[in-house]
Visitor: 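Here it is, the structure in full.
Chain letters run A, B, ... following the sequence lines, proteins first, then strands; residues in each count from 1.
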Amino acid sequence: MKFKKVLALSIACVCAASTFVGCGGEKIEQSYNEATTTVIRISNYDCGYGRTYIVKVAEKFMEAAKETVYETGKKGVYIDITHSQTDTTGQSVLNTLDNTNKEIFFTTNVTPNMAKTSGKVMDLKEIISATSADASYPYAEEASIKDRMYSDFKNYYVEESGSAYTLPLFMGSYNFYYDAELMESKKLYVSKDSTDEKVILTGEKSEFNAGPDGKTGTEDDGFPQTYAQFYLWCTEMKEDKSVTPLTYSGQFNQHMTFALNSLIADFEGKEDYKMLYTLKGEDVEGLVKEVDSDGNVLSYYDPMDITAENGYMLTRKEGILQAVRFAKTMASNHSKWIDPLSFSQSQSHTGAQSTYILSKYTNNKILMFTDGGYWEAEAKSVFDQCESRNGGKMDRQFKLLPLPKATRAKVGTEDAPARTTVGVTGELELFVKKNVAESKLQAIKDFITFFHTEENMALENVESGVPRPFNYTISDGMKAQMSTYNFSLYNTLHGENVDVVFKGSNEPMYLANTTEFNHYNWPLKTLYKTDKSDYRVLNFFYEQDRLQTDVDVKGYFNGIYNYTQYSAKAGSATNWQVMYNKIQG
Amino acid sequence: MKKRMKYEKDETFFDKIKKPVSDFFYDLSTKLPRKKKKNTSLKGRRTGELVFYYCLAFLPILHFLIFYVYVNLNSVILAFQEYKFINGEGKFIFSTLQIETVWNNLVYGNEIKELLSHSLIFYAFSLCVITPTALFFSYYIYKKYKFSEFFRVMLFVPTIISSLVVAFMYKFFIDRGVVEICRLFGKEIMPPLSDPSQSFTYILIYILLVSFGGNVIMYSSAMTRIPISVVEYAQIDGVGPVKEFFSMTLPLIYPTLSTFIIVGITGIFTNQANLYALYSDSAPENARTFGYHMFVLLKKVSSSDMSGYPYIAALGVFATIVVVPLTFFVKWVLDKIDPNVQY
């Protein structure tokens with residue numbers, strides 16, 4: 001009996017002890033003396049952007065401030081960073097603020113509104129407004145953080161009063177990428193003699209067409225100018241050069257849908273695309289009333305005002321129609337244009353990256369790929385594996401594909417080059433806990449300002465592989481540390497001819513329905529049967545006969561509108577009304 | 001007699017390590033200082049024992065109260081809430097909107113009905129195909145027929161290996177291996193798991209392969225508890241293996257079997273049929289179960305937007321309303337047909 005008691009107690013102790021396994025995160029070993037050094041504690045959500053960008057900037061700051069006295073009896077600063085994935089995002093991290101000793105948080109899914117209404121987050125108004133003229137901010141630059149923030153991000157993150165509770169870290173986007181090396185070796189550039197009915201491939205730079213922007217001498221020279229040219233280009237490269245045009249993840253085929261949003265953005269332009277998230281517009285034109293089965297526009301609605309109440313009318317935007325047509329055409333020609341693994345559940349996102357990167361060494365060379373902007377960092381292990389054959393990250397020449405325009409009318413000219421519009425999300429944000437120790441406040445302010453200097457933002461871009469939504473330039477020295485892809489992404493999102501649109505807004509309708517307005521659901525989710533919906537546009541068309549549907553472009557496009565107007569029971573609130581009712585008192 | 005001695009002599013690996021471990025703890029207990037035997041009354045001893053049991057049970061009960069009672073109560077309350085975003089602040093208010101929405105979707109829509117039908121198909125498959133097959137293999141292993149140890153290991157392997165690894169291997173074999181094999185025979189097919197017209201069948205096959213482990217272990221363990229003397233008496237009376245299975249083994253392991261059936265009923269609405277392991281959140285519509293649908297909905301609700309939670313909670317309440325009486329009913333039926341055989 002006693003033996004059983006001892007055994008039972010021992011097992012109970014082991015069970016109890018195991019509950020402590022999950023405590024804490026990964027900490028850098030303490031190498032400071034808190035009695036003599038001011039310590040700033042940072043919580044970092046350890047995700048795909050890595051941690052090097054924070055660590056390097058923190059080291060630089062510690063060096064820069066090593067002689068600074070922030071607290072009486074202490075000199076210098078130590079940045080103590082805890083990297084973790086537990087309770088470090090969204091509402092979970094806000095819930096921990098009362099009981100944590102961390103002061104600065106690098107996190108995700110914490111909107112400015114959430115941070116403000118929690119009452120536990122510091123207003124960064126003073127910090128983001130500081131300039132070098134303010135002696136109390138030794139690391140501030142001539143232009144304040146606020147002034148250097150991209151305007152669209154500023155509209156979201158900074159209130160009219162100048163208050164800001166979170167600051168954006170990176171810009172997230174889904175794009176089409178291409179292998180420039182393959183373009184060169186197989187001479188896949190589009191000749192200037194090409195038309196929308198015939199594409200001629202060339203490798204001679206002097207023969208390149210002007211590209212979608214219509215201006216020669218720019219980065220997009222030699223690329224298809226229109227969707228029609230793009231389709232012909234795909235056929236030519238496959239039939240003449242045995243190059244498969246495109247691959248993407250079969251398991252996460254929603255990446256293709258997210259990338260199609262970039263086509264919508266580019267068609268609509270900055271103001272009209274932004275409307276999809278502000279749900280506000282006066283005399284809005286170009287809303288499609290009728291289309292034929294192939295997606296040709298038959299008529300438009302009269303100009304109308306858009307508000308939150310009738311925001312569903314934005315699903316009639318022509319850019320959405322064009323994206324659906326593009327997907328349908330790609331799906332109809334999938335056997336020629338798309339690698340079969342893009343339709344297989346066995347190809348995960350990392351599998352697709354591997355397929356694409358390693359295609360160089362196979363007979364099935366693939367030119368284009370679709371994924372999030374972080375894909376190069378995510379594929380690190382594949383690049384490392386190719387280092388020995390000069391196929392590492394720094395050796396390869398991946399770049400962002402210059403998107404073709406939907407119609408010839410949208411292509412620019414030499415005098416008026418067409419602009420590119422890119423929709424991005426805010427990936428990761430930082431905030432500071434309220435009520436930090438008064439003695440440390442200046443140190444924290446200095447760190448935030450230091451983190452946002454031009455030089456350090458360039459460093460963060462280089463280390464994370466993703467650009468920040470601020471105006472900054474990257475020095476030649478730092479460019480040398482960037483891969484071709486990394487620089488291409490920076491160049492695109494910081495380009496002079498590029499309008500970056502933040503896919504979000506401070507409008508109550510958006511804030512109350514962020515799930516419904518995320519890129520799964522908006523604006524490409526369609527109702528294709530009574531109450532069946534789908535958002536995987538291209539794969540949906542590919543699986544048509546298997547899904548026993550016969551939905552054409554018109555059906556899919558109208559279904560996007562129908563989804564917003566759907567209600568299970570006649571007379572009950574539609575999907576859109578349910579969303580709208582959330583902001584009604 | 002020979003067989004009986006064989007059963008008694010055969011020590012398993014577990015028996016071999018159990019003895020030294022048991023001896024170690026016994027030695028440890030003898031070395032602990034012994035309290036002088038107090039002249040305690042029966043009541044005093046009983047109190048001491050109760051204190052010990054309460055201390056031991058405290059943590060599990062607390063865990064139960066927090067992670068079961070409180071969580072589920074919170075879910076029920078959440079089902080009667082509606083998210084409002086007023087003056088820049090989101091909050092929940094009391095409302096029956098989500099319950100009505102679920103009801104309308106169920107009665108007037110098709111989606112929930114399809115999800116339920118898929119869930120029921122998977123359950124019926126589990127009951128009518130997996131359970132009998134598991135019983136067959138368990139009996140085979142219990143009788144120690146040829147290659148029984150091999151089957152015991154191979155059927156249990158998918159349970160030991162990470163479910164994601166098994167799913168990964170299966171996906172690769174089906175979506176690439178089978179496609180290549182067909183290509184060798186000159187036939188081009190769409191990857192089966194990605195083909196909505198075939199995926200359901202392949203999902204059922206996958207469930208069959210991975211479900212054996214737990215079932216076989218439980219049933220064969222139950223069978224080994226059958227007294228050898230009972231089996232020998234039957235053999236002496238000339239009972240063959242088939243008759244022994246249906247007349248003796250099944251009735252004697254009935255409590256285990258009925259427990260599995262009842263637990264299966266409770267899992268109808270939560271069973272994901274391994275769809276998330278195979279497809280992440282893009283499983284084909286024609287295979288989605290109710291449990292999978294709820295999980296994916298929950299996953300897609302961003303952590304910065306809690307407005308989607310009440311609907312999911314309402315779905316959960318609906319599932320509870322259906323499954324609770326169903327479980328009691330099935331238990332009543334199983335109790336009615338219980339042969340009530342004792343060793």
Visitor: Return the option, out of Leu106(B), Ile86(B), Asp175(B), with the maximum number of heavy-atom pairs under 4.5 Å with chain A.
Guide: Asp175(B)
Visitor: Which atoms of Phe52(B) are under 4.5 Å from chain A, going by heavy atoms: the side chain, the backbone, both sets, or neither?
Guide: side chain
Visitor: Any chance you could measure Phe80(B), atom CZ, to Phe92(B), atom CZ, to the nearest 0.5 Å?
Guide: 15.0 Å
Visitor: Ser533(A) versus chain B, heavy atoms under 4.5 Å apart: side chain, backbone, both or neither?
Guide: backbone
Visitor: Report the option among Pro191(B), Pro192(B), Gly308(B), Pro284(B) that has the most heavy-atom pairs separated by less than 4.5 Å from atoms of chain A.
Guide: Pro191(B)
Visitor: Below 4.5 Å, heavy-atom pairs only: which of Thr117(A), Val578(A), Asn506(A) has the largest tally toward chain B?
Guide: Thr117(A)
Visitor: One thing to verify: whether Glu114(B) and Arg288(B) come together as a salt bridge, which I'm taking to mean a side-chain N less than 4.0 angstrom from a carboxylate O.
Guide: no
Visitor: Is the Tyr292(B) to Tyr279(B) ring centre distance short of 6.0 Å?
Guide: no
Visitor: Of all of Pro340(A), Ala568(A), Ser346(A), which one pairs up most often with chain B through heavy atoms under 4.5 Å apart?
Guide: Ser346(A)
Visitor: Quick one: what part of Thr530(A) sits under 4.5 Å from any heavy atom of chain B, side chain, backbone, both or neither?
Guide: side chain
Visitor: Check whether Tyr520(A) gets within reach of chain B through its side chain, its backbone, both or neither, counting any heavy atom under 4.5 Å.
Guide: side chain
Visitor: Going by side-chain hydrogen bond (donor to acceptor under 3.5 Å, both in side chains), name the residues that satisfy it together with Thr425(A), two or more places apart in sequence or in a different chain.
Guide: Glu427(A)
Visitor: Relative to chain B, which segment of Phe517(A) carries a heavy atom at a distance below 4.5 Å: side chain, backbone, both, or neither?
Guide: neither
Visitor: What part of Leu341(A) lies closer than 4.5 angstrom to a heavy atom of chain B: side chain, backbone, both or neither?
Guide: side chain
Visitor: Name the region of Ser199(B), side chain, backbone, both or neither, that has any atom closer than 4.5 Å to a heavy atom of chain A.
Guide: neither
Visitor: Using the side chain to side chain donor-acceptor pair (under 3.5 Å) rule, pick out the option among Asn539(A), Asp339(A), Asp371(A) that qualifies with Tyr248(A).
Guide: Asn539(A)
Visitor: Tell me, please, which residues at least two apart from Glu111(B) pass side-chain contact (heavy atoms from CB on, under 4.5 Å).
Guide: Asp531(A), Leu115(B), His293(B)
Visitor: Under 4.5 Å heavy-atom distance to chain B, tell me which part of Gln254(A) shows up: side chain, backbone, both or neither.
Guide: side chain
Visitor: By a 4.5 Å heavy-atom criterion (distance strictly below it), what part of Glu100(B) contacts chain A: side chain, backbone, both, or neither?
Guide: neither
Visitor: Testing the 3.5 Å rule here: is there a donor-acceptor pair between the side chains of Ser95(B) and Glu82(B)?
Guide: yes
Visitor: Using non-hydrogen atoms only, which part of Asn87(B) is less than 4.5 Å away from chain A: side chain, backbone, both, or neither?
Guide: neither
Visitor: Tell me which of these, Phe168(B), Phe173(B), Phe172(B), has more heavy-atom pairs under 4.5 Å with chain A than the rest.
Guide: Phe172(B)
Visitor: Can we call the ring centroids of Tyr276(B) and Phe295(B) under 6.0 Å apart?
Guide: yes
Visitor: Just by distance, no angles: are the side chains of Tyr170(B) and Asn274(B) close enough, under 3.5 Å, to form a donor-acceptor pair?
Guide: no
Visitor: Can you tell which part of Ile93(B) gets under 4.5 Å to a heavy atom of chain A, answering side chain, backbone, both or neither?
Guide: neither
Visitor: Would you say the ring centroid of Tyr528(A) lies under 6.0 angstrom from that of Phe540(A)?
Guide: yes
